[in-house]
Amino acid sequence: MNIGDHVICINDEGLDPTDFEPCLPVKGGHYVIRDIAPPDKEDERLALMLVGIKGIANVFGGESCFLAERFRLLEEMKEENRRMAEATT
């Protein structure tokens with residue numbers, strides 16, 4: 001994933017609405033990556049910042065972000081849907 005990529009939310013469970021404004025991502029929603037946080041030193045998972053959603057400052061002084069695993073690239077979703085449609089015909 002890269003800045004500017006279009007992504008679809010595939011998991012919106014367990015997000016804290018007090019960490020983000022003005023809203024949270026919604027499963028199935030289409031978003032654009034605004035920035036990518038450096039991986040956490042403990043687990044090395046990428047975190048995304050999205051256009052139109054601002055995270056509050058976290059305990060480390062950075063912006064609260066969303067784990068990249070909550071999203072799929074739009075192009076990957078389109079390709080998967082195309083393959084599924086072809087398999088049923």
Side-chain angles (χ1 to χ4, degrees):
M1 293 184 178
N2 298 294
I3 294 171
D5 282 350
H6 292 248
V7 294
I8 301 293
C9 179
I10 59 169
N11 178 359
D12 63 0
E13 295 178 13
L15 295 171
D16 184 347
T18 63
D19 285 343
F20 302 94
E21 47 187 48
C23 60
L24 292 173
V26 177
K27 187 174 180 178
H30 176 186
Y31 303 92
V32 177
I33 299 173
R34 169 170 56 90
D35 203 354
I36 300 173
D40 184 285
K41 292 178 183 172
E42 291 179 18
D43 61 17
E44 307 237 345
R45 296 185 294 177
L46 287 179
L48 308 176
M49 290 168 251
L50 305 173
V51 170
I53 301 177
K54 177 79 172 142
I56 64 165
N58 60 31
V59 296
F60 305 108
E63 181 179 340
S64 294
C65 306
F66 303 100
L67 289 176
E69 62 200 37
R70 290 183 178 272
F71 300 88
R72 295 268 310 271
L73 288 169
L74 179 61
E75 289 304 315
E76 287 178 5
M77 295 289 288
K78 285 181 180 179
E79 180 63 23
E80 184 177 309
N81 289 340
R82 185 189 62 74
R83 282 194 303 261
M84 289 173 56
E86 287 177 356
T88 60
T89 59

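When reading the values below, keep in mind they use all heavy atoms of this one structure, side chains included, and skip hydrogens, waters and symmetry mates. Keep in mind that what you see is a predicted model, and the values were worked out from it rather than measured. When a residue number appears, it is its place in the shown sequence, counting from 1.
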### Query
Got Met1 and Ile33 here, is their nearest side-chain heavy-atom distance under 4.5 Å?
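Counting from C-beta outward, Met1 and Ile33 do come under 4.5 Å.
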### Query
Less than 4.5 Å apart, any side-chain heavy atom of Asp35 and any of Glu63?
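Contact flag for Asp35/Glu63 side chains = no.
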### Short side-chain to backbone donor-acceptor contact, Asp12 and Val26, under 3.5 Å
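No; zero donor-acceptor contacts below 3.5 Å.
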### Message
Going by side chain to side chain contact (heavy atoms under 4.5 Å, CB included), Phe20 matches just one of Ile53, Leu50, Ile56. Which one?
### Response
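Going through Ile53, Leu50, Ile56 one by one, the side chain to side chain contact (heavy atoms under 4.5 Å, CB included) with Phe20 is satisfied by Ile53 alone.
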### Task
Report whether Ile3 and Val7 are members of the same hydrophobic cluster (ILVMFWY, side-chain heavy atoms less than 4.5 Å apart, transitive linking).
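Yes; Val7 is reachable from Ile3 via cluster members.
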### Query
Do the side chains of Leu15 and Leu46 join up, straight or via other hydrophobic residues, at under 4.5 Å, putting them in one cluster?
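Yes, one cluster joins them.
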Could you measure the distance from the [atom1] atom of [X] to the [atom2] atom of [Y]? Nearest 0.5 Å is fine.
| X | Y | atom1 | atom2 | value |
| --- | --- | --- | --- | --- |
| Ser64 | Glu21 | OG | CD | 10.5 Å |
| Glu80 | Leu73 | CD | CG | 12.0 Å |
| Asp5 | Leu74 | CG | CG | 9.5 Å |

### Task
Please confirm whether Phe66 and Tyr31 have ring centers closer than 6.0 angstrom.
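Not under 6.0 Å, so no.
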### Query
Are any of the side-chain nitrogens in Arg82 or Glu79 under 4.0 Å away from the carboxylate oxygens of its partner?
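Result for this pair is yes, salt bridge flagged.
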### Task
Please report the shortest heavy-atom distance between Asn11 and Arg70, naming the atom on each side.
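That would be O-NH1, 3.0 Å.
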